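Have a look at the structure below, then the notes.
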Amino acid sequence: MTHFLDIHKTPKDDLRRILDQALAMKNARTGRPKGAADDDRPLAGRMVALIFEKPSTRTRISFDMGIRQLGGQSMILSGTEMHLGHGETIADTARVMSRYVDAIMVRTFSESSLLELAHHSDVPVINGLTNRTHPCQIMADVMTFEEHRGPIKGKKVVWAGDGNNVCASFLHAAGQFGFDFVYTGPAQLDPEQVFIDGARAEGVNVRIERVAARAVEGADLVVADTWVSMHENRTACHNRHNLLKPYQVNARLMSRAKKGALFMHCLPAHRGEEATSEVMDGPHSVILDEAENRLHVQKAILRWCLGI
Ligand code: CP
Ligand code: NVA
């Protein structure tokens with residue numbers, strides 16, 4: 001069974017093929033209405049279940065649109081309305097769903113729920129974000145970087161802020177695509193050591209730099225994300241805002257990066273916290289391209305999973 005669970009679990013050649021196919025499909029749609037089907041409809045007659053235990057705008061809409069463009073159908077399911085880990089085991093849910101649908105995308109809390117679902121599923125399972133990783137997002141981000149600046153291999157990527165789930169998938173991608181990675185943020189919010197060690201084991205130059213201005217020097221890409229993720233309690237994390245203030249991506253910080261550096265944010269953003277509107281809407285920013293590329297790259301991920 002070909003699941004898309006994390007970037008470091010997917011062979012390097014396959015990741016590259018997914019990106020190539022995503023770009024080809026994107027180019028083939030130039031000038032078409034967004035609701036129009038692709039010429040090629042490999043998902044015809046297939047159903048994909050999209051399960052959300054957390055809110056989503058981009059993941060929900062881009063998967064749904066992508067499936068329609070590929071000629072398939074989707075059903076969007078809310079975790080709270082299902083017996084997902086409550087009322088029955090995740091294993092039973094996985095076995096039952098495998099009798100109905102051709103693939104499952106799930107956004108969930110604990111990584112173990114994703115892994116258990118995949119382990120017991122007879123159809124491909126795609127990770128649409130857990131508390132620990134967000135691989136579809138970073139595939140879109142690598143695609144976006146390469147569209148603007150060419151191969152990401154050997155480039156310098158700086159993550160500013162909370163060393164969270166999106167940061168973890170960037171570390172996975174650094175190992176697979178071969179770029180340098182600098183984390184800048186307070187020690188309390190460092191990425192998990194296992195993600196850093198994993199990237200280093202792949203030969204990645206991973207650096208931790210507590211001074212944001214020093215970290216971004218020579219950066220090809222600066223990335224920010226929300227300071228408090230969906231699985232965390234905003235009130236309980238209030239103190240984080242003081243810790244993270246020095247790591248806000250603003251125009252002054254961006255001016256220390258390389259001249260043509262890009263700025264990314266997976267969205268949703270708290271403008272004025274992790275990044276200013278001046279940066280988010282400024283010349284370095286490619287945030288809307290990232291969001292668009294979710295659509296194209298996830299279509300390629302679905303095709304890879306289903307072998308179509
Ligand atoms: N970036 C991202 O995954 O956005 P959503 O939470 O809106 O899906
Ligand atoms: N780190 C964020 C990403 C949202 C797409 C979260 O988990 O809420």
Side-chain angles (χ1 to χ4, degrees), residues 4-7 22 48-67 74 76-80 104-111 113-114 126-145 159-173 183 185-186 188-192 195 221-238 240-241 243-244 247-249 263-271 273-275 280 285-299 301-302:
F4 185 74
L5 300 179
D6 270 316
I7 290 177
V48 183
L50 308 175
I51 306 173
F52 291 91
E53 290 199 301
K54 296 175 180 171
S56 166
T57 298
R58 280 143 288 268
T59 306
R60 180 185 310 245
I61 301 172
S62 57
F63 263 107
D64 196 5
M65 285 304 295
I67 291 160
S74 64
I76 297 180
L77 304 160
S78 148
T80 52
I104 301 169
M105 189 291 313
V106 62
R107 166 168 289 193
T108 186
F109 289 89
S110 113
E111 184 176 61
S113 303
L114 168 81
I126 296 173
N127 177 358
L129 180 144
T130 70
N131 296 358
R132 289 192 84 214
T133 60
H134 195 6
C136 290
Q137 179 65 53
I138 293 349
M139 288 297 283
D141 292 354
V142 172
M143 177 179 173
T144 305
F145 183 91
W159 179 276
D162 179 21
N164 64 14
N165 47 1
V166 181
C167 177
S169 285
F170 251 112
L171 276 160
H172 285 156
Y183 167 75
Q188 294 91 324
L189 298 172
D190 278 353
E192 283 179 50
F195 297 126
L221 169 63
V222 179
V223 194
D225 186 15
T226 180
W227 284 346
V228 183
S229 286
M230 289 182 271
H231 60 278
E232 298 171 314
N233 181 312
R234 253 189 116 68
T235 316
C237 293
H238 186 67
R240 251 186 219 189
H241 290 72
L243 285 175
L244 286 165
Y247 302 96
Q248 180 193 66
V249 182
F263 169 75
M264 289 192 188
H265 190 307
C266 67
L267 305 177
H270 291 82
R271 286 170 176 258
E273 290 189 6
E274 67 270 17
M280 293 188 67
S285 176
V286 288
I287 56 176
L288 296 180
D289 294 333
E290 287 179 83
E292 176 182 344
N293 285 337
R294 294 290 302 277
L295 170 75
H296 307 295
V297 90
Q298 287 160 190
K299 287 166 72 178
I301 290 169
L302 272 164

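All residue numbers refer to positions in the sequence shown, counting from 1. Just so it is clear, the structure is predicted and the values come from calculations on it, not from any experiment. We count ligands from 1, going down the list as the structure has it; atoms in each ligand are counted the same way.
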Set of salt bridge (charged side-chain N to carboxylate O under 4.0 Å, His left out) partners for [X], sequence neighbours left out:
| X | value |
| --- | --- |
| Arg60 | none |
| Asp64 | Arg68 |
| Asp162 | Arg240 |

Any atoms of ligand 2 less than 4.0 Å from a non-hydrogen atom of [X]? List them with their elements.
| X | answer |
| --- | --- |
| Leu267 | 5 (C) |
| Asn165 | 1 (N), 2 (C), 6 (C), 7 (O) |
| Asp225 | 1 (N), 2 (C), 3 (C) |
| Ser229 | 1 (N), 2 (C), 6 (C), 7 (O), 8 (O) |

If you compare all heavy atoms of [X] against all heavy atoms of [Y], which two are closest, and at what distance to 0.1 Å?
| X | Y | answer |
| --- | --- | --- |
| Arg132 | Ala168 | O-CB, 3.3 Å |
| Gly66 | Lys299 | CA-CG, 3.6 Å |
| Gln298 | Cys136 | OE1-CB, 3.7 Å |

Completion exercise
In this structure, OG1 of Thr130 is separated from CG of Asp6 (nearest 0.5 Å) by 7.0 Å
Problem - atom 8 (O) of ligand 2: nearest protein contact (heavy atom, Å) - result: Met230 N, 2.8 Å
Exercise for the section: Please examine the side chains of Arg234 and His241, heavy atoms only from C-beta on, and report whether any two atoms are closer than 4.5 Å. Expected result: yes
Exercise for the section: Report yes if the side chains of Phe170 and Asp225 come closer than 4.5 Å at any heavy-atom pair, otherwise no. Expected result: no
Practice task
Under 4.0 Å, heavy atoms only, figure out whether ligand 2 is touched by the backbone of Thr226, its side chain, both or neither.
Solution key: side chain
Handout entry: Leu129 and ligand 2 - part of the residue with a heavy-atom distance under 4.0 Å
Key = side chain
Atom pairs, nitrogen or oxygen, ligand 1 to protein, under 3.5 angstrom:
{"unit_1": "ligand 1", "atom_1": "1 (N)", "unit_2": "Gln137", "atom_2": "OE1", "d": "3.0"}
{"unit_1": "ligand 1", "atom_1": "1 (N)", "unit_2": "Cys266", "atom_2": "O", "d": "3.0"}
{"unit_1": "ligand 1", "atom_1": "1 (N)", "unit_2": "Leu267", "atom_2": "O", "d": "2.8"}
{"unit_1": "ligand 1", "atom_1": "1 (N)", "unit_2": "Arg294", "atom_2": "NH1", "d": "3.4"}
{"unit_1": "ligand 1", "atom_1": "3 (O)", "unit_2": "Thr59", "atom_2": "OG1", "d": "3.1"}
{"unit_1": "ligand 1", "atom_1": "3 (O)", "unit_2": "Arg107", "atom_2": "NH2", "d": "3.0"}
{"unit_1": "ligand 1", "atom_1": "3 (O)", "unit_2": "His134", "atom_2": "NE2", "d": "2.9"}
{"unit_1": "ligand 1", "atom_1": "3 (O)", "unit_2": "Arg294", "atom_2": "NH1", "d": "3.0"}
{"unit_1": "ligand 1", "atom_1": "4 (O)", "unit_2": "Arg58", "atom_2": "NE", "d": "2.9"}
{"unit_1": "ligand 1", "atom_1": "4 (O)", "unit_2": "Leu267", "atom_2": "O", "d": "3.4"}
{"unit_1": "ligand 1", "atom_1": "6 (O)", "unit_2": "Arg107", "atom_2": "NH1", "d": "2.8"}
{"unit_1": "ligand 1", "atom_1": "7 (O)", "unit_2": "Thr57", "atom_2": "N", "d": "2.7"}
{"unit_1": "ligand 1", "atom_1": "7 (O)", "unit_2": "Arg58", "atom_2": "N", "d": "2.9"}
{"unit_1": "ligand 1", "atom_1": "7 (O)", "unit_2": "Arg58", "atom_2": "NE", "d": "3.1"}
{"unit_1": "ligand 1", "atom_1": "7 (O)", "unit_2": "Arg58", "atom_2": "NH2", "d": "3.0"}
{"unit_1": "ligand 1", "atom_1": "8 (O)", "unit_2": "Ser56", "atom_2": "OG", "d": "2.7"}
{"unit_1": "ligand 1", "atom_1": "8 (O)", "unit_2": "Arg58", "atom_2": "N", "d": "3.4"}
{"unit_1": "ligand 1", "atom_1": "8 (O)", "unit_2": "Thr59", "atom_2": "N", "d": "2.9"}
{"unit_1": "ligand 1", "atom_1": "8 (O)", "unit_2": "Thr59", "atom_2": "OG1", "d": "2.7"}
{"unit_1": "ligand 1", "atom_1": "8 (O)", "unit_2": "Arg107", "atom_2": "NH1", "d": "3.4"}
{"unit_1": "ligand 1", "atom_1": "8 (O)", "unit_2": "Arg107", "atom_2": "NH2", "d": "3.2"}

